[in-house]
Amino acid sequence: MGVTLTAGDLRKGLKLEMDGEPYIIVDFEFSKPGKGQALYRCRLKNMITGSQFDRTYRSGDKFQSADLEEQDMQFLYKQGDSYHFMNTTSYEQIEMSAAQVGDATNYLIENLVVSMLMFQGRPIGISLPNFVELKVIRSDPGIKGDTAAGATKPATMETGFIIQVPLFIEEGETLKIDTRNGSYVERVKV
């Protein structure tokens, strides 16, 4: 059971449980009209279905925090539309669909350890490390003379993810990628 919260505790990123489902506050606005109670306008996102809606609360309203648990899971393999993970301590295996994994599919390589968010014993999402190392499997050579500062070209990573990289990057190189925005960070010596 989660902790009881009041409207004054509301903020962006807070996870609440309503009607037996977990929600996250994705947008938050506080206003205090001249007369009357303070208003807390929230945009809530269902962490299971992804649906969003707006709701306004008044001071004095009470909420339950979502009882979520994080577990370290190792990505094992992809089979069709299913992604298979293994708990690093209990060796229990969990299967998630591509829809549940979301954009993280761009960065999942075998043996990558991720943080899996669990709600009432079932997986609802994963958090990636901030940086991953991926190998370039396809990248056209940089065009000679196209050396303007900041010039980039597309490169396809081993997961199929396409990012913009500097012109000097070649196929077979390993790159450090920022998973928060999908950008190139640097080459990695292996």
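No hydrogens, no waters, no symmetry mates; every other heavy atom, side chains included, goes into these values. Just so it is clear, the structure is predicted and the values come from calculations on it, not from any experiment.
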Evaluation steps, side-chain hydrogen bond (donor to acceptor under 3.5 Å, both in side chains), between Q93 and E95: CA-CA 7 Å; Q93 290 193 19; E95 180 183 327; over 6 Å; no

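- How far CZ of R55 is from CG of L16: 10.5 Å, rounded to the nearest 0.5 Å.
- In this structure the side chain of K45 never reaches within 4.5 angstrom of the side chain of S51, judged on heavy atoms.
- Under a 4.0 Å N-O distance rule, the pair K176/D178 does not qualify as a salt bridge.
- Residues Y184 and P166 form a side-chain contact, since some pair of their non-hydrogen atoms from C-beta on lies under 4.5 Å apart.
- Atom OG in S31 sits 11.5 Å away from atom CD in Q37 (nearest 0.5 Å).
- Atom CZ in F28 sits 9.5 Å away from atom CG in L14 (nearest 0.5 Å).
- Taking every heavy atom of both residues into account, L39 and R58 meet most closely at CD2-NH1, 3.3 Å.
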Apply side-chain contact (heavy atoms from CB on, under 4.5 Å) to the pair T159 and Y107, showing each step before the final yes or no. CA-CA 6 Å; T159 60; Y107 309 100; 5.9 Å; no

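- Between the K135 side chain and the M157 main chain, no donor and acceptor come within less than 3.5 Å of each other.
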Run F168 and R187 through side-chain contact (heavy atoms from CB on, under 4.5 Å) and show every step you take. CA-CA 10 Å; F168 57 82; R187 283 194 284 197; 3.6 Å; yes

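- Remark: the backbone N or O of E133 is not paired with any side-chain donor or acceptor of T174 at under 3.5 angstrom.
- One finds the CG atom of L134 at 12.0 Å from the OG1 atom of T156 (value rounded to the nearest 0.5 Å).
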Evaluation steps, side-chain contact (heavy atoms from CB on, under 4.5 Å), between V136 and L175: CA-CA 7 Å; V136 178; L175 306 180; 3.5 Å; yes

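- Other residues, nucleotides and ligands contribute over 12 non-hydrogen atoms within 6.0 Å of the CG atom of N181.
- In summary, the side chains of S65 and E17 do not present any donor paired with an acceptor at a separation below 3.5 Å, with no hydrogens or angles considered.
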Which atom pairs, donor and acceptor, lie under 3.5 Å between side-chain atoms of residues 109-131 and protein residues at least two apart or in another chain?
residue: N111; atom: OD1; partner: Q74; partner atom: NE2; Å: 3.3
residue: S115; atom: OG; partner: E70; partner atom: OE1; Å: 2.8

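- Although no hydrogens or angles enter the test, the distance criterion places a donor-acceptor pair under 3.5 Å between the side chain of K32 and the main chain of G36.
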Derivation of the side-chain hydrogen bond (donor to acceptor under 3.5 Å, both in side chains) call for N87 and E92: CA-CA 5 Å; N87 187 312; E92 175 192 1; 4.9 Å; no

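- Expressed to the nearest 0.5 Å, how far CE of M47 lies from CG of L68 amounts to 5.5 Å.
- By the 4.5 Å heavy-atom criterion applied to side chains, S139 and K153 are counted as neighbours.
- Side-chain contact between F85 and D72 is absent, with no heavy atoms from C-beta onward closer than 4.5 Å.
- For the ring pair (Phe, Tyr, Trp, His ring centres under 6.0 Å) test, residues two or more places apart in sequence or in another chain that qualify with Y57 are F63.
- Proximity of T6 to D61: side-chain heavy atoms (C-beta onward) are nowhere separated by under 4.5 Å.
- With E21 contributing its side chain and M18 its backbone, the two residues share no donor-acceptor pair below 3.5 Å.
- When hydrophobic clusters are built by joining Ile, Leu, Val, Met, Phe, Trp and Tyr residues whose side-chain heavy atoms come closer than 4.5 Å, directly or via intermediates, V185 is not grouped with I177.
- L76 belongs to a hydrophobic cluster whose remaining members, ordered by chain and number, are Y77, M86, Y91; membership requires side-chain heavy atoms of ILVMFWY residues under 4.5 Å apart, directly or through intermediates.
- Between V165 and I163, some side-chain heavy-atom pair lies under the 4.5 Å cut-off.
- A donor-acceptor contact shorter than 3.5 Å links the side chain of T105 to the backbone of G102.
- For the residue pair A66 and P22, the shortest heavy atom distance occurs at CB-CB, 4.2 Å.
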Carefully, step by step, assess T179 and D103 under the rule side-chain contact (heavy atoms from CB on, under 4.5 Å). CA-CA 9 Å; T179 60; D103 289 341; over 6 Å; no

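- You'll find the side chain of N46 stays beyond 4.5 Å of the side chain of I24, heavy atoms only.
- The line from CD1 of I94 to CE of M96 is 8.5 Å long, rounded to the nearest 0.5 Å.
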